[in-house]
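I have placed the structure first, in the form of C-alpha cells, so that the comments after it can refer back to it.
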There are 2 protein chains.
Amino acid sequence: MAEALGFRDVKAGILDRIRGGDWPPGTRIPNEVELAETLGCARATVSRAMRELADDGVLDRRRRAGTWVATSPVRQARIEIPLVRAEVEATGARYRYALVSRDRMAAPNWLRARLGLPEGCPVLHLACAHFADDFPFQYEDRWINLSAVSAAARADFAAEGPNEWLVANVPLSEAEIAFSAVAADAEVAANLSLAPGEPVFLCERTTRLDGEAITLARLHFGRGYRMTTVL
Amino acid sequence: MAEALGFRDVKAGILDRIRGGDWPPGTRIPNEVELAETLGCARATVSRAMRELADDGVLDRRRRAGTWVATSPVRQARIEIPLVRAEVEATGARYRYALVSRDRMAAPNWLRARLGLPEGCPVLHLACAHFADDFPFQYEDRWINLSAVSAAARADFAAEGPNEWLVANVPLSEAEIAFSAVAADAEVAANLSLAPGEPVFLCERTTRLDGEAITLARLHFGRGYRMTTVL
DNA sequence: CAGTGGTCTAGACCACCGG
DNA sequence: CGGTGGTCTAGACCACTGT
C-alpha cells in the first residue's frame, strides 16, 4: 500500500484507468468516499483530484447523481496571451515597437455600437507596429475610451505600447477575446508587408471595468502565425 | 462581521481590492494566515481562493517569498473546443454531416514528418463536410494512423463523423491544438463555398496516445467564424 | 427522502528558498 | 534558520436532485 497519496497521484490513477480502457467514456465511476477508501486517502484529496479533472473536461459530475467519464474529451483548452514583447523575445528575436499614428476623435458609430459608448464619446485611436528583428510581427489597431481613462490623453505612446501603459495604469479589468481569420485591408497589408487580401490571424480584445468599456484592441498577426495550446 | 465566508467571497474581496486600486500591480499582498485572520475564515479557504487567482494569472505566488498582484494580467484564456454537432445545434441550426472522400494509403512524407510515422505507415484519409442548415460550416481534413487504430479501417464513416467515432473507440489521449489563418485552396474553397484565396480560420489538432500519433485533424471553418473565450 | 458532490474548519507536516 | 506556500487529514454541514 502506497503511503501519503497526493491528489496528483489520484488524478494520474484515474487517468490511467480511463486510458487503460477500464473506464470507457460514459462509465460511472466510484464516488468520492469509495475511492478514498480504496486508495487509502482522505475524501478531500479525492475531491480535489476529481474536481480538477472535471475542470479539464475529463469527467462530468452532477450532484446526487455521481461522476462519469466524459463522452467528449478535450472540451476546452488553455491558450497563452503573452505580451507582444515577451512573445517576440521568446523566439530569440529582438523586439522593436513603433507608433504609426495617434489621433483623438469622437468615437465612430461602429465603435460606439460595439463598446456601448455615448454619442460624441472621446476616444484615442492608435496604430502600432511591433517588429521581430525588424520584420513586422504584429499590427495593433487600438481604441481607448478617454471618458473612462482620461489619463491616456496625456500619454504619447511613442516609446511604450498602449498595452503596457494600460496594465500599469488601469488596475484590472475583465477581458473578452475573440479570434478569427480576416483578409488584410490596405492598411494592414502595408504594415505587415503582405499583399492586400492575404489571410491574417486576428485577435480582438475588449476590456471592461465595472461594465464600462476601457479599450478595444485588434491585433493583426503576420504571415504564418500560429497560436498553440499549453497544457 | 460576515458569517461563513466562502472561497468565492475571498476571491471577490481580493479582486475588489485590486480593482479598487488598493493593491496596484506589483503589490505584495498579505499572506494566507494574515488574510484568514482578518477575514475570519480558515487558511484553507484563503489558500484555495489565492490558488485559483494565481491559476487565472491574477496573482503571482512564490514559496518563502509571498504573493504579489501580477504585473501583466490576462496571460491566459480558456477557449471551448466543442464538437461540431453541438456547436451547430447551439445556434439553433440543424446539423448535417457528409463524407466527401475516404482513402486508405501509405502516409505521405509531410504527414510522416509531422506525426513521426515510419515509412509506408498505413493511414486513412477522410474529407468530411459539416453543415448548418445546409450551409457549409466546417470542412474537415482528417488523417488516422491505422497502425495505431486498426479498427478504423473497418469503419465507413458514412453516417458518423471520425471525431465521434474516435472518442467512442479510443480511450483518451493527449491533444495539441494550433490555430491559424490560411488561404483557402481549391478543395477547401469548393467545400466551404468560398472563393479560392479567401481567409479561412484553421484549427489543427494532433492527438497522441502514449506518444504515438493517433490522428491529425485539420478543421477549416466557414466565412466569418469567430472563436471566443469563456470565463 | 437519502445519496452525492461541494465546501468549510482546525490542525498538522512538509518543501522550498531568502536572509 | 524561519517564514511562506502547498498539501493532507478527519470531521462536519449543506445544497442539490434523482428516485
Side-chain angles (χ1 to χ4, degrees), chain A residues 1-15 17-18 23 25-71 73 75-76 231, chain B residues 1-15 17-18 23 25-71 73 75-76 78 230-231:
Chain A
M1 182 65 66
E3 297 274 344
L5 269 196
F7 77 95
R8 297 164 189 282
D9 304 304
V10 177
K11 281 180 76 169
I14 295 173
L15 281 173
R17 284 193 249 197
I18 295 176
W23 293 341
T27 313
R28 175 170 177 176
I29 75 175
N31 65 33
E32 297 187 348
V33 178
E34 291 176 37
L35 258 187
E37 283 172 359
T38 31
L39 298 175
C41 65
R43 180 168 85 104
T45 305
V46 176
S47 188
R48 178 166 179 191
M50 290 176 104
R51 172 169 28 96
E52 294 199 355
L53 288 173
D55 281 346
D56 295 345
V58 174
L59 298 179
D60 280 336
R61 317 193 78 189
R62 277 176 309 174
R63 285 189 173 166
R64 160 63 189 165
T67 301
W68 288 262
V69 178
T71 52
R75 285 180 24 244
Q76 54 185 13
L231 255 185
Chain B
M1 181 64 69
E3 297 274 342
L5 269 197
F7 75 96
R8 297 165 188 280
D9 305 303
V10 178
K11 281 180 77 170
I14 295 173
L15 281 174
R17 284 194 248 199
I18 296 176
W23 293 341
T27 313
R28 175 170 177 175
I29 75 175
N31 66 35
E32 298 186 347
V33 178
E34 290 176 38
L35 259 187
E37 284 172 359
T38 35
L39 298 176
C41 65
R43 181 167 85 102
T45 305
V46 175
S47 188
R48 178 165 178 192
M50 291 176 102
R51 175 174 18 101
E52 294 198 354
L53 287 173
D55 281 345
D56 294 345
V58 175
L59 299 178
D60 280 335
R61 317 191 77 188
R62 279 175 308 176
R63 286 188 170 166
R64 161 63 190 161
T67 301
W68 287 263
V69 178
T71 52
R75 287 178 25 244
Q76 52 185 12
R78 285 192 163 187
V230 290
L231 253 185

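Everything quoted here is computed from the prediction, not taken from an experiment.
- Here B:R61 reaches the OP1 or OP2 of D:dG6: one of its side-chain N or O atoms lies under 4.0 Å away.
- Residue B:A42 has its side chain nearest to C:dT9 when only C:dT9, C:dT7, D:dT9 are considered.
- Distances from the side chain of A:R8 to the nucleotides C:dC16, C:dT7, D:dT7 place D:dT7 closest.
- Each of D:dG3, C:dG5, D:dG6 was ranked by its minimum atom distance to the side chain of B:R43; first place goes to D:dG6.
- Looking only at side-chain heavy atoms (C-beta outward), B:T45 and B:D9 stay at 4.5 Å or farther from each other.
- Phosphate contact (OP1/OP2 of C:dT9, side-chain N/O of B:T45, threshold under 4.0 Å): present.
- The side chain of A:E32 lies closest to C:dG5 when the candidates are C:dG5, D:dG18, D:dG5.
- Atom CE in A:M50 sits roughly 9 Å away from atom P in C:dG6 (whole-Å rounding).
- Using a 4.5 Å heavy-atom threshold, the side chains of A:M50 and A:I29 count as touching.
- OP1 or OP2 of C:dT4 lies within a sub-4.0 Å distance of a side-chain N or O belonging to A:R28.
- Residue A:T67 places no side-chain N or O under 4.0 Å from the OP1 or OP2 atom of C:dT4.
- Below the 3.5 angstrom threshold, one finds no donor paired with an acceptor across the side chain of B:R48 and the base of D:dT7.
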